[in-house]
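What follows is a set of notes on a single structure, which appears directly below.
Every value quoted in this text rests on a predicted model; they were computed, and no experiment measured them. No hydrogens, no waters, no symmetry mates; every other heavy atom, side chains included, goes into these values. Residue numbering restarts at 1 for every chain, and letters A, B, ... go by the order of the sequence lines.
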Amino acid sequence: MSHRKPALSVFNAQLVWKEFRHIFRDARSMLILLAMPVVQIILFGFAITNEVKNAQVAVFDPSGDAVTTRLIEHIHASRYFDVVRNLGSAAEAGEVFREGRASLVVIFSENFGENMWRTGEATVQLLADATDPTQAATLTGYASSIIAGYRQELLAERRIPMRVTAQVNMLYNPQLQGAYNFVPGVMGMILILICAMMTAISVVREKETGTMEVLLVSPVKPAALIFSKLTPYFALSVVNLATILLLSVYVLHVPVSGSLLGLTMLSLLYISVSLALGMLISTIAATQVAAMLASSMVLMLPVMLLSGMMFPVENMPKILQWLSSIVPARWYIAGVKKLMIEGLPVASSLKEIAILSLMAIALIAASFKKLKK
Amino acid sequence: MPATQGIAAGHQPPVISCRQLSKRYGSVEALRSVSFDVERGEIFGCIGPDGAGKSTLFRILATLLRADSGRATVEGLDVQKDFRAIRRRLGYMPGRFSLYQDLSVEENLSFFAAIFGVTVRESYPLIRDIYGQLEPFKARRACKLSGGMKQKLALCCALIHKPSVLLLDEPTTGVDPISRREFWEMLARLRQQSITIIVSTPYMDEAMRCDRIALVKDGAFLQIEAPQSIISRFPQALWSVQGDPMYGLLKDLRRHEDIMAAYAFGDAHHATVRSERITPRQLGENLKALGYLNVEVKEIQPTIEDCYMHLTADS
């Protein structure tokens, strides 16, 4: 406070520090800012997941040879399945499903092992209860990949050319972990919520309490005002980004398979878009409640529904696909999937980077234009 | 009615000068061709009810709002062209005390000092009187202060950059009577340091504290003068009338042929009377004849509120 002319520069330490104080003194803000990312990552990573664990499996094995026995052991050993019973006949499968004693039935053909060695081909039937199609698909997917893995093992052991009839290949998410899908989504949602909603609310709060008028009649430049509003949320977003990445790597075991630098740059770009969006909302909204509503309508719902976080964009009707393309989170989440999960080079997400950059420029220009008035 | 006849007539240019200022919001005319001057070291009051256009005028003078037409200068500087220069000389206290509720008394003060590029220490002599009362509570957050203390803190914040002009928009609204009186005493002391003060208030009784006042109604200035001369120009005799029951009394007063206007005023009714045709005693007899009990009629000095009622009844 002892500088003679801090009011004239774009960076004003007092202004920035004041914004930090507002956040630190408001328990609600602190909770939203720091606890929300952790809670969401944990919730989405563990509780709300379509992953399957310890599903009950029934087996009909008329062959009973070394190959089928080892295959059953493999299935039982995986953390997805528990082999709970052996059936006397294939017909018992229906009964098992009706009574809910198993969610997957594995039926081996007769002379499975012999066929395998002789002809290089053997069949195994996977039955799943498709009343829950997602779970059924997941279960058969898991089982097929275990069987395929076992075939690979046999190949390596015997070095006999064998025909692999069905190959299920789970790209990028070989274990079909829900977290692979949710981590980018949660990143997209949390960053935009913190940057856009919290910035908008903090600006509008000053309008409501009248302090904005005093700031406006002061010699402080509008750019310095904006800068001081954005700095704390930018800093907190970076903290949150680090938290989410650490949690996802060490708790959810979702590694950053691509370039960490590229991922960081993409995230910083997305943070800028979100901050600009928050500024724009704050110039339009007159009350904190309006800012909250605008943020949740403009940000929360589209981010959750249209960004590809919950429903794949490719499966949407054309009009929603078109609509989703103006949601920044869609491009960010796509970029994060490429850089973090798929481990592709930065060049692969140039399209996303370009779109986000354009959005950032457009939003910053729009909010400055509104502010000038 | 432009009031160019100031206190220090002709010696100095006016500190604030407005000519035909107009501003409308949609179909509402917030200001209608308002013209006035304020001289250095004057306390100028804008008196009028909520919605009369006082805040609009203040926001134009504070360079926050553009007038649709007309011209205004502060310290000889145009409010539109030279707004940056004006902002350094102007202390503005908006309608609601614009403090940061979650910052302490001391933090609020040093924050406002910082954004105006000054330190609390260099401005301390100016605010010592006022801040002295707040200092025991300097670590308290602004939201925990009483209305009177908030008002004092807001005034300190408005004074922190040693402005030569103070714009105070309804500074006493929502504050207890004792704090209101103290506040006006502070303003009187600031005036002695030749700070020019424009203050708006909906409380007519505060008008007497100003050097000159403007009575504002529906965006227009009805009269601009010293409060005493506004009162002395009150053209009729004014009587205060009491009696039981009060409600019927007002109706009967309005019906009386020698009474021009009657209105409720606190716990009595005020009536403007053709005093050449009737005495208070006669009116009292008339009312007793109508069956009123405890009738009391006396001649009184008009207040600013009476003048306001009179002027707005005409327009």
Side-chain angles (χ1 to χ4, degrees), chain A residues 1-31 33 198 201-229 232 283 286-288 371-373, chain B residues 55 58-66 74 79 83-104 106-123 141-143 150 153-155 157-161 163 165-167 169-170:
Chain A
M1 86 180 127
S2 51
H3 318 292
R4 182 56 225 186
K5 279 185 178 174
L8 293 174
S9 73
V10 173
F11 179 81
N12 185 321
Q14 275 278 322
L15 263 176
V16 175
W17 179 231
K18 184 208 98 192
E19 297 301 331
F20 271 111
R21 267 186 189 146
H22 286 321
I23 298 168
F24 291 152
R25 290 196 180 166
D26 184 10
R28 200 179 48 176
S29 296
M30 283 302 280
L31 200 69
L33 288 171
M198 302 298 279
I201 288 176
S202 89
V203 173
V204 175
R205 184 188 296 141
E206 297 224 14
K207 278 205 232 170
E208 255 187 359
T209 55
T211 44
M212 190 52 101
E213 289 210 322
V214 179
L215 293 183
L216 288 176
V217 298
S218 77
V220 172
K221 283 184 179 164
L225 274 183
I226 295 179
F227 189 78
S228 69
K229 283 281 170 201
T283 57
T287 63
Q288 290 183 61
L371 202 86
K372 280 269 153 64
K373 285 209 291 187
Chain B
S55 294
F58 277 53
R59 300 187 76 232
I60 289 172
L61 292 176
T63 71
L64 285 168
L65 195 67
R66 277 171 176 244
V74 175
V79 288
F83 64 94
R84 279 188 204 286
I86 290 179
R87 287 175 182 182
R88 295 205 164 273
R89 292 160 208 224
L90 193 81
Y92 173 53
M93 194 168 140
R96 298 148 296 174
F97 308 133
S98 51
L99 300 166
Y100 291 102
Q101 306 289 336
D102 51 344
L103 298 188
S104 73
E106 201 176 21
E107 286 166 344
N108 265 292
L109 199 62
S110 37
F111 172 71
F112 284 109
I115 60 169
F116 280 96
V118 297
T119 63
V120 176
R121 186 171 306 166
E122 46 186 300
S123 308
R141 296 205 183 159
C143 59
K150 277 184 189 163
L153 178 54
L155 182 62
C157 293
L159 283 168
I160 196 73
H161 57 295
V165 182
L166 263 186
L167 281 181
D169 193 2
E170 299 205 358

Check whether [X] gets within reach of chain A through its side chain, its backbone, both or neither, counting any heavy atom under 4.5 Å.
| X | answer |
| --- | --- |
| B:L64 | side chain |
| B:A62 | both |
| B:I86 | neither |
| B:R121 | neither |

Flag the one option from B:T63, B:L99, B:L90, B:D102 with the top tally of heavy-atom pairs under 4.5 Å to chain A.
->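 Highest number of pairs under 4.5 Å: B:D102.
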Pairs of heavy atoms under 4.5 Å with chain A: top-ranked of B:R84, B:Q101, B:R141 |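 Heavy-atom pair counts peak at B:R141.
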Please assess A:V217 against B:F83 for the test side-chain contact (heavy atoms from CB on, under 4.5 Å), listing each intermediate value before the final yes or no.
-> CA-CA 9 Å; A:V217 298; B:F83 64 94; over 6 Å; no
Do the rings of B:F112 and B:Y100 sit parallel, tilted or perpendicular, given the 30° and 60° boundaries?
->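 Plane angle under 30°, so parallel.
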Hey, does A:R205 have a side-chain heavy atom less than 4.5 Å from the side chain of A:T211?
->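 Result no, sub-4.5 Å side-chain heavy-atom pair not found.
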For B:R59, which residues count as a salt bridge (charged side-chain N to carboxylate O under 4.0 Å, His left out) partner, sequence neighbours excluded?
->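 If we apply the salt bridge (charged side-chain N to carboxylate O under 4.0 Å, His left out) test to B:R59, skipping adjacent residues, the hits are A:E213.
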Set of residues satisfying side chain to side chain donor-acceptor pair (under 3.5 Å) with respect to B:N108, sequence neighbours excluded =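 In terms of side chain to side chain donor-acceptor pair (under 3.5 Å), with neighbours along the sequence ignored, B:N108 is linked to no residue.
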